[in-house]
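All remarks here apply to the structure that follows.
These numbers come from the heavy atoms of this one structure, side chains and all, not from hydrogens, waters or symmetry mates. Atoms within each ligand, like the ligands themselves, are counted from 1 in listed order.
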Amino acid sequence: MRMAIEILQLLVQSADSWLFEGNRSGLSDREWMALRFLARANRFSRTPTALASFLSTNRSAASQIVAVLQNKGLVVRKPSAEDKRSIALCVTGEGETLLERDPINALRDQIVALEVPDRSQLRDTLRRVLIGLDVAERRYHPGVCSQCMFLVESGEGKDHHFKCRLFRKSIDQKEMTLLCTYFEGRSGKG
Ligand code: SF4
């Protein structure tokens, strides 16, 4: 138990880089969270609804955050390529540039500096902890296609491709690592 408490304290301390009062480089921690998510979200999740789900808030609060990002020229609304009645929230070049000053990058750089086996172990351990929390609290975290129960693989050679059974769309290689709020883990939620 003592070690668990020590680990909890370390996690709380590490959260200082993304949970803070006021603004850093002009954005609040929630605005940074939204910008970061939109830059990493796949085409099905760059929507106000998916953003609200990611931030665990309602659409009205998510819309206010999007309005701030739009006013700063960091995000634009475009008609969705998936559904013409919907809009897609796209990070602009300015948004991408600002992300280079994302406060969470300090933590990212420390993780990058770890040895590869330590980094893999940290990733797998944190993933297991989050899956346990998701199951216990009946909540859903976004995930990536490569770990999702809806991803199917078919064909061989030049015909080899991946498809999402939920959206009935092809998924190309570069989309595999983008975040999706519709993700469901292969062994249940998480
Ligand atoms: S396979 Fe899963 S993670 Fe990928 S787009 Fe479909 S629902 Fe989202």
Side-chain angles (χ1 to χ4, degrees), residues 18 30-63 65-66 69-70 74-92 95-96 99 102 104-105 107-108 111-112 119-190:
W18 74 89
R30 299 280 279 178
E31 290 155 3
W32 273 115
M33 225 178 269
L35 184 63
R36 200 180 295 137
F37 170 73
L38 292 173
R40 278 209 60 208
N42 71 5
R43 62 194 144 126
F44 309 111
S45 299
R46 286 193 289 264
T47 65
T49 304
L51 178 64
S53 154
F54 176 76
L55 295 173
S56 302
T57 188
N58 55 39
R59 274 207 43 158
S60 154
S63 295
I65 291 174
V66 170
L69 299 179
Q70 272 189 279
L74 306 171
V75 164
V76 287
R77 289 169 182 261
K78 293 183 181 172
S80 167
E82 301 309 313
D83 175 0
K84 297 293 176 218
R85 294 162 300 177
S86 306
I87 60 137
L89 301 170
C90 303
V91 175
T92 62
E96 295 287 355
L99 279 163
D102 185 342
I104 211 170
N105 291 353
L107 181 60
R108 177 203 63 190
I111 294 170
V112 168
R119 217 184 305 155
S120 301
Q121 194 174 6
L122 181 60
R123 178 199 59 197
D124 296 343
T125 305
L126 284 174
R127 183 172 284 147
R128 280 207 303 279
V129 169
L130 282 175
I131 289 171
L133 271 179
D134 284 352
V135 171
E137 298 185 9
R138 296 186 184 182
R139 67 178 185 196
Y140 315 128
H141 271 104
V144 296
C145 294
S146 57
Q147 317 242 335
C148 180
M149 64 179 283
F150 294 121
L151 189 78
V152 286
E153 193 173 358
S154 60
E156 284 182 18
K158 277 200 292 189
D159 293 329
H160 177 257
H161 67 282
F162 292 98
K163 193 168 177 177
C164 170
R165 281 189 292 125
L166 185 66
F167 291 103
R168 298 183 183 181
K169 301 269 180 169
S170 293
I171 303 288
D172 67 32
Q173 204 63 43
K174 67 177 189 307
E175 290 181 293
M176 287 288 194
T177 54
L178 297 179
L179 288 176
C180 180
T181 53
Y182 302 91
F183 166 87
E184 284 198 27
R186 292 218 173 92
S187 54
K189 286 287 179 191

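No donor-acceptor distance shorter than 3.5 angstrom exists from the side chain of R40 to the backbone of L35, with no hydrogens or angles considered. Judged by distance alone, the side chain of Q147 and the main-chain N or O of V144 form no donor-acceptor pair under 3.5 Å.
Residues V91 and L74 form no side-chain contact, since every pair of their non-hydrogen atoms from C-beta on lies 4.5 Å or further apart.
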side-chain contact (heavy atoms from CB on, under 4.5 Å) evaluation trace for T181 with F37:
CA-CA 10 Å; T181 53; F37 170 73; 3.7 Å; yes

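Around atom 8 (Fe) of ligand 1, the protein atoms of type N, O or S that sit closer than 2.8 Å are C180 SG.
Between Y182 and F167, the two ring planes are perpendicular [angle over 60°; tilted spans 30° to 60°].
Annotation: Q121, atom CD; neighbour count of heavy atoms from other residues, nucleotides and ligands within 6.0 Å does not exceed 12.
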